[in-house]
There are 2 protein chains.
Amino acid sequence: MTNEQRSYNQYCPLARTLDILGARWTLLIVRELLSGPKRFKDLQEALVGIGTNLLSTRLKEMESNDLVFKSKLPPPGVAAVYELTEHGRKLDETLLSMMRWGIPLLEKAKKANEHVRPHWLLYGMLSTFNPSLAQGISETYEFNVGGEVFHMRIHEGQVTGDMSKGHNPDLIWVSDSEHFMALAFGLTTPQKAFEDGAVKTGNVEMIERMLRIFDPVQC
Amino acid sequence: MTNEQRSYNQYCPLARTLDILGARWTLLIVRELLSGPKRFKDLQEALVGIGTNLLSTRLKEMESNDLVFKSKLPPPGVAAVYELTEHGRKLDETLLSMMRWGIPLLEKAKKANEHVRPHWLLYGMLSTFNPSLAQGISETYEFNVGGEVFHMRIHEGQVTGDMSKGHNPDLIWVSDSEHFMALAFGLTTPQKAFEDGAVKTGNVEMIERMLRIFDPVQC
DNA sequence: CGGCATCCATTTTGATACTG
DNA sequence: CAGTATCAAAATGGATGCCG
């Protein structure tokens with residue numbers, strides 16, 4: 001058959017987790033599926049370099065490990081999609097933790113020829129959410145970065161976010177990835193971003209508050 | 001030379017993290033070093049199957065990625081040891097999160113010929129710490145499992161733990177791995193464990209409280 | 001075209017032998 | 001003990017072919 005599933009063979013919660021998640025690409029597939037069901041093609045395009053055969057193999061492994069399942073979207077657009085199971089969705093806490101650790105590695109600079117997708121950055125920002133600074137705030141932010149729409153809603157000290165429009169967002173941000181990163185990493189000021197027209201709805205104070213609640217620079 | 005460092009080449013906090021941690025064995029090495037500096041031999045013995053060449057390669061990669069550094073223990077016992085850097089120690093949150101996800105995978109049953117080290121289980125337990133149930137409790141538990149000594153100290157809603165004896169522990173538990181797991185997974189009762197003599201210091205109520213604060217069954 | 005399966009060159013890993 | 005050297009086996013990347 002395909003994979004002999006090389007196991008660490010250790011009775012340890014970490015080792016058992018790595019037996020399932022440790023193979024190359026697996027966690028990046030989970031990352032992609034965190035923002036909703038995706039077609040084979042979508043995954044292939046987001047995961048530059050994976051090769052169709054390996055993607056296919058991984059998805060099957062993940063299916064048999066109860067991380068994803070295959071379903072069909074209802075019309076219009078009847079397409080087979082891959083979706084996270086409930087078990088798989090429970091990995092969000094772990095992935096956010098890994099993202100938080102990885103943010104300083106971005107070093108405020110994108111290497112030449114490195115790939116970027118706006119939702120990677122938006123998830124990174126989400127991972128820096130600071131509940132204690134969000135107490136008493138109830139706001140919705142909508143980001144349109146490089147054409148990808150994402151929103152975050154802060155309510156009762158918690159945040160939720162996904163790739164969709166927000167309901168009556170208090171802040172609407174529109175820019176490309178570069179300008180978004182510049183703001184997130186403090187390379188530009190909210191005032192300048194506002195003057196540049198990146199803010200379609202909302203004001204400078206709102207961006208400043210948002211940046212306090214999500215602060216990658218502190219990571 | 002040796003390693004061409006296969007990178008995902010993505011400007012994403014998760015991908016950058018996986019570029020550093022994604023290789024086989026790396027996270028298990030971090031796990032071992034979380035409980036203090038270790039010699040090459042100690043690591044090799046804990047990581048059954050790694051092969052000395054690969055362990056050597058990994059440690060060098062981890063050194064150049066600022067995860068570990070090599071140091072010498074002071075006399076007596078002047079030995080070269082590997083130690084986590086501060087950067088490396090920041091991975092504890094992520095590893096605990098992965099352990100928490102992995103606990104249900106243990107399924108209350110150890111497979112035949114699977115390896116176990118008591119500190120793996122103790123870290124697993126540590127990962128299930130529930131701060132809200134620890135409010136107002138100030139206690140120290142000492143575990144001697146299969147000859148390995150570990151302690152956890154609960155204070156001001158937080159827990160700390162490592163592989164050493166506790167200071168004036170309120171509870172002292174002594175058993176082998178099997179009996180410890182049976183307690184942790186609810187396959188035996190605190191009362192029975194007490195009658196079996198696993199509790200050297202402390203009483204049944206203390207075990208019950210401890211099991212509420214650390215509850216793998218809830219994971 | 002979406003969703004794979006096959007083939008093959010290149011890397012990575014595992015196992016063992018060997019050295020300071 | 002602390003590694004290095006060597007080599008076979010497995011996993012991966014990339015191209016290509018197939019089939020509804």
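Letters A, B, ... are given to chains in the order of the sequence lines, protein chains preceding strands, and every chain is numbered from 1.
B/R39 has a carboxylate O that lies under 4.0 Å from a charged side-chain N of B/D42, or vice versa, which qualifies the two as a salt bridge. Remark: A/E93 engages B/R100 in a salt bridge, criterion side-chain N to carboxylate O under 4.0 Å.
Partner of B/T17 under the side-chain contact (heavy atoms from CB on, under 4.5 Å) criterion, chosen from A/L95, A/L105, A/L27, A/I103: A/L105.
The separation between A/Q44 atom CD and C/dA5 atom P is 14 Å, rounded to whole Å. If you take CZ of B/F40 and P of D/dA2, they are 8 Å apart, rounded to a whole angstrom. The CZ atom of A/R58 sits 8 Å away from the C1' atom of D/dT12 (whole-angstrom rounding). The nearest whole Å value for the distance from the CG atom in A/D19 to the C1' atom in D/dA11 is 16 Å. Rounded to a whole Å, the CD1 atom of A/I29 is 11 Å from the P atom of D/dT12. Between the OH atom of B/Y8 and the C1' atom of D/dT12 there is a distance of 11 Å, given to the nearest Å. Atom CG in B/L55 sits about 9 Å away from atom C1' in D/dG3, given to the nearest Å.
Closest of all the heavy-atom pairs between A/T85 and A/D66 is OG1-O, 2.6 Å.
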Take nucleotides 14-20 of chain C nucleotide by nucleotide from the 5' end and write B, S or -, depending on whether a protein heavy atom sits under 4.0 Å from the base, only from the sugar-phosphate, or from neither. BBBB---
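B/Y82 has a side-chain polar atom (N or O) that falls below the 4.0 Å cut-off from OP1 or OP2 of D/dG3. A sub-4.0 Å separation between OP1 or OP2 of C/dG2 and a side-chain N or O of A/K41 is present. At C/dG2, none of the side-chain N or O atoms of A/K72 fall inside 4.0 Å of OP1 or OP2 (strictly under the cut-off). An OP1 or OP2 oxygen of D/dT4 is reached within less than 4.0 angstrom by a side-chain nitrogen or oxygen of B/S56. For B/K38 and D/dC1, the shortest distance from a side-chain N or O to OP1 or OP2 is not below 4.0 Å.
For A/K165, the NZ atom counts as loosely surrounded, since its 6.0 Å shell holds 12 or fewer non-hydrogen atoms of other residues, nucleotides or ligands. For A/K192, the NZ atom sits in a loose shell: 12 or fewer heavy atoms of surrounding residues, nucleotides or ligands are nearer than 6.0 Å. Residue A/H179 places its NE2 atom among 12 or fewer non-hydrogen atoms of other residues, nucleotides or ligands, all under 6.0 Å distant.
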